[in-house]
Protein chains: 2
Amino acid sequence: MKQTAVTPVILGLLSLGARSGYDIKNAVDSSTRFFWAASYGQIYPELRRLEAEGLIAGEDSPNGGRERRAYKLTAAGRKALTEWLLGRTVTIELRDESLLRLFFADALPREQALGLLEARKRGHEEYLAVLHAIDARPGDDPDFVDLVLRWGIAFNEWGAQWCQEQLERLQSEKTPA
Amino acid sequence: MKQTAVTPVILGLLSLGARSGYDIKNAVDSSTRFFWAASYGQIYPELRRLEAEGLIAGEDSPNGGRERRAYKLTAAGRKALTEWLLGRTVTIELRDESLLRLFFADALPREQALGLLEARKRGHEEYLAVLHAIDARPGDDPDFVDLVLRWGIAFNEWGAQWCQEQLERLQSEKTPA
DNA sequence: TAGTGCATGTAATGCGTTACATGATTTC
DNA sequence: GAAATCATGTAACGCATTACATGCACTA
């Protein structure tokens with residue numbers, strides 16, 4: 001089966017109860033986008049492709065005069081999902097401008113370089129606020145959906161703390177021999 | 001000044017002593033690639049653009065009959081670098097297939113879902129081995145270059161430990177009421 | 001009745017990687 | 001003499017985002 005970057009997201013979100021392309025996009029934007037983004041330009045063509053391949057089944061289910069197509073996983077689709085789940089992980093990419101800045105921070109006076117660490121810390125704290133807001137939403141998520149949210153929270157807590165520790169270390173080093 | 005994704009990497013690596021496009025690509029591949037990749041297809045055209053804009057100065061410095069162009073930052077280039085360093089961080093993107101798998105792991109029997117956590121843990125450990133090898137290379141890096149390497153090591157240690165903790169938690173929950 | 005949300009879709013654009021071409025030099 | 005390294009460069013390809021177009025329904 002041909003795989004694109006959106007394939008697993010679509011299969012996975014349908015397994016979690018999403019129905020329309022619109023649903024999927026919304027779910028992505030409030031969950032996977034933090035580690036796996038997807039746009040309409042990928043989702044809609046891929047839905048048609050997956051239906052043609054028999055991994056999902058679509059059915060017109062308009063809301064009044066408002067057109068809507070509801071999809072669900074077929075047996076083949078569920079199988080493809082579990083196969084992907086058990087396959088080898090390939091992609092782990094990080095594009096972190098704040099880390100890149102830190103990497104080149106020797107070009108700055110010490111004071112300003114430390115400012116970059118502080119800014120990174122704030123970044124983690126802001127991210128944390130977003131994740132806590134998501135966490136506070138009513139309704140309970142499946143175990144592993146929740147686990148990943150918990151990962152995000154723990155990661156940002158760790159990251160903020162790491163920045164703090166390095167700040168303290170570098171500031172105490174200021175008094176040289 | 002027009003900014004593309006490679007601009008800061010080039011300016012930054014030149015500030016750290018890289019000279020040719022080839023140098024830059026090598027430096028990227030053994031350092032920033034973990035959080036900011038760049039390919040020849042970006043680097044060479046951008047070097048020419050930056051020279052035309054006066055941010056870097058190039059000079060032909062062939063190695064015998066082997067052509068080579070050595071660049072260095074101009075005053076304007078150094079200024080552009082520090083401005084970028086002090087600007088607002090925009091890009092923080094994560095594309096983590098292992099996290100995506102975990103997110104959909106409720107579709108698997110418990111045993112196999114826990115296997116995903118174990119696989120993620122192994123991923124962190126393998127990454128750690130790569131970073132330790134880089135750390136063991138002789139020569140000392142500038143402070144913040146070293147700091148970022150240290151971040152990578154600490155992050156993967158944290159990540160492996162988090163997986164371990166979750167595994168233990170989820171396994172102990174196995175004995176229900 | 002204006003604004004927001006539901007819903008589908010695509011064209012244009014931009015960006016980055018891959019893969020290749022070329023050739024000299026150093027090392028084994 | 002083969003293989004690796006130094007060194008520059010680009011064309012083709014694929015992919016993903018952005019931005020737009022369309023239209024119904026609900027709500028303030």
Side-chain angles (χ1 to χ4, degrees), chain A residues 2-10 13-14 17-30 32-52 56 58-71 90-97 100, chain B residues 2-10 13-14 17-30 32-52 56 58-71 90-97 100:
Chain A
K2 200 194 151 201
Q3 279 268 38
T4 74
V6 257
T7 316
V9 197
I10 291 180
L13 287 175
L14 288 178
R19 307 197 162 272
S20 63
Y22 186 80
D23 271 2
I24 289 169
K25 174 61 171 155
N26 278 353
V28 164
D29 285 347
S30 65
T32 71
R33 92 168 130 120
F34 296 108
F35 48 91
W36 204 271
S39 65
Y40 283 128
Q42 300 169 270
I43 293 167
Y44 283 111
E46 183 67 6
L47 280 170
R48 267 174 276 133
R49 226 212 64 215
L50 289 173
E51 185 171 14
I56 64 180
E59 191 188 358
D60 285 319
S61 73
N63 243 338
R66 198 193 293 171
E67 76 171 317
R68 177 162 179 274
R69 194 162 175 86
Y71 294 92
V90 180
T91 306
I92 290 184
E93 274 162 39
L94 181 59
R95 211 164 173 75
D96 186 328
E97 201 177 350
L100 188 65
Chain B
K2 201 198 149 198
Q3 278 269 37
T4 73
V6 258
T7 316
V9 198
I10 291 180
L13 287 176
L14 288 179
R19 306 195 161 276
S20 63
Y22 185 79
D23 272 2
I24 290 170
K25 174 60 172 156
N26 277 354
V28 163
D29 284 348
S30 64
T32 70
R33 91 169 131 120
F34 297 109
F35 49 91
W36 203 273
S39 65
Y40 284 127
Q42 300 170 269
I43 293 168
Y44 282 111
E46 183 67 5
L47 281 170
R48 267 172 277 134
R49 226 213 64 216
L50 288 173
E51 186 171 13
I56 64 179
E59 189 189 359
D60 285 320
S61 73
N63 242 337
R66 201 191 290 170
E67 75 171 317
R68 178 162 177 273
R69 194 163 175 82
Y71 294 92
V90 180
T91 306
I92 291 184
E93 274 161 38
L94 182 59
R95 211 163 172 77
D96 187 329
E97 200 176 349
L100 189 65

Next item on the list: Side chain of R66(A) only, please: which of dA16(D), dG5(C), dT8(C) is the nearest?
Entry: dG5(C)
Next item on the list: Select base, sugar-phosphate, or nothing to describe what S20(A) touches, counting heavy atoms under 4.0 Å on all strands.
Entry: sugar-phosphate
Margin query: A side-chain contact here means heavy atoms from C-beta on lying under 4.5 Å apart; do I24(A) and L47(A) qualify?
Written below: yes
Notebook entry, point to check: Does OP1 or OP2 of dT8(D) have a side-chain N or O of Y44(B) closer than 4.0 Å?
Noted result: yes
Check: Tell me, do R95(A) and F35(B) make a side-chain contact under 4.5 Å, heavy atoms counted?
Finding: no
Next item on the list: Side chain of R69(A) only, please: which of dT8(C), dT8(D), dG5(C) is the nearest?
Entry: dT8(C)
Notebook entry, point to check: Would you call D96(B) and L100(B) a side-chain contact if the rule is heavy atoms closer than 4.5 Å?
Noted result: no
Next item on the list: With heavy atoms under 4.0 Å as the rule, sort R19(A) into base, sugar-phosphate or nothing.
Entry: nothing
Next item on the list: Take atom CG of N63(B) and atom P of dA7(D), then tell me their distance rounded to the nearest Å.
Entry: 5 Å
Note to self: Whether the side chain of R68(B) engages the backbone of N63(B) through a donor-acceptor N/O pair (distance < 3.5 Å, no angle test) should be reported.
What the structure shows: no
Next item on the list: Using a 4.0 Å heavy-atom cut-off across all strands, classify G41(A) as base, sugar-phosphate, or nothing.
Entry: base
Check: Separation of K25(B) atom NZ from dC6(D) atom P, in whole Å?
Finding: 14 Å
Margin query: Under 4.0 Å between a side-chain nitrogen and a carboxylate oxygen: does that hold for E46(A) and R49(A)?
Written below: yes
Next item on the list: Check the distance between dC15(D)'s P and W36(A)'s CH2 and give it to me in whole angstrom.
Entry: 13 Å
Margin query: What's the angle between the local helix axes at either end of the helix from dT1(C)-dA28(D) to dC28(C)-dG1(D), using five pairs per end and rounding to 10 degrees?
Written below: 30°
Item checked: Atom-pair distance (CD on E46(B); P on dG14(C)), nearest Å -> 16 Å
Check: 5'-most contact on DNA chain C: T4(B) or P45(A), nearest heavy atom basis?
Finding: P45(A)
Margin query: Would you say that D23(B) contacts Y71(B) through its side chain, given a criterion of any heavy-atom pair below 4.5 Å between the two side chains?
Written below: no
Notebook entry, point to check: Closest approach of I43(B) and I10(B), non-hydrogen atoms and distance?
Noted result: O-CD1, 3.9 Å
Margin query: What is the separation between atom CD on E93(A) and atom P on dT17(C), rounded to the nearest whole Å?
Written below: 8 Å
Margin query: Assuming nearest nucleotide by heavy-atom distance, tell me which of S61(B) and R48(B) is located more 5' along DNA chain D.
Written below: S61(B)
Checklist line | Distance (rounded to the nearest 0.5 Å) between S20(A) OG and R69(A) CZ | finding: 12.0 Å
Next item on the list: Remember a base hit wins even if backbone is also touched, and classify G65(B) as base, sugar-phosphate or nothing at under 4.0 Å, heavy atoms.
Entry: sugar-phosphate
Notebook entry, point to check: Can you check the Q42(B) CD to dA12(D) P distance for me, whole Å?
Noted result: 19 Å
Item checked: Spacing between Y22(B) atom OH and dA4(D) atom C1', to the nearest angstrom -> 9 Å
Note to self: What is the separation between atom OH on Y71(A) and atom C1' on dT8(C), rounded to the nearest whole Å?
What the structure shows: 9 Å
Note to self: I want to verify a distance call: between dA7(C), dT17(D), dG16(C), whose nearest atom is closest to the R95(A) side chain?
What the structure shows: dG16(C)
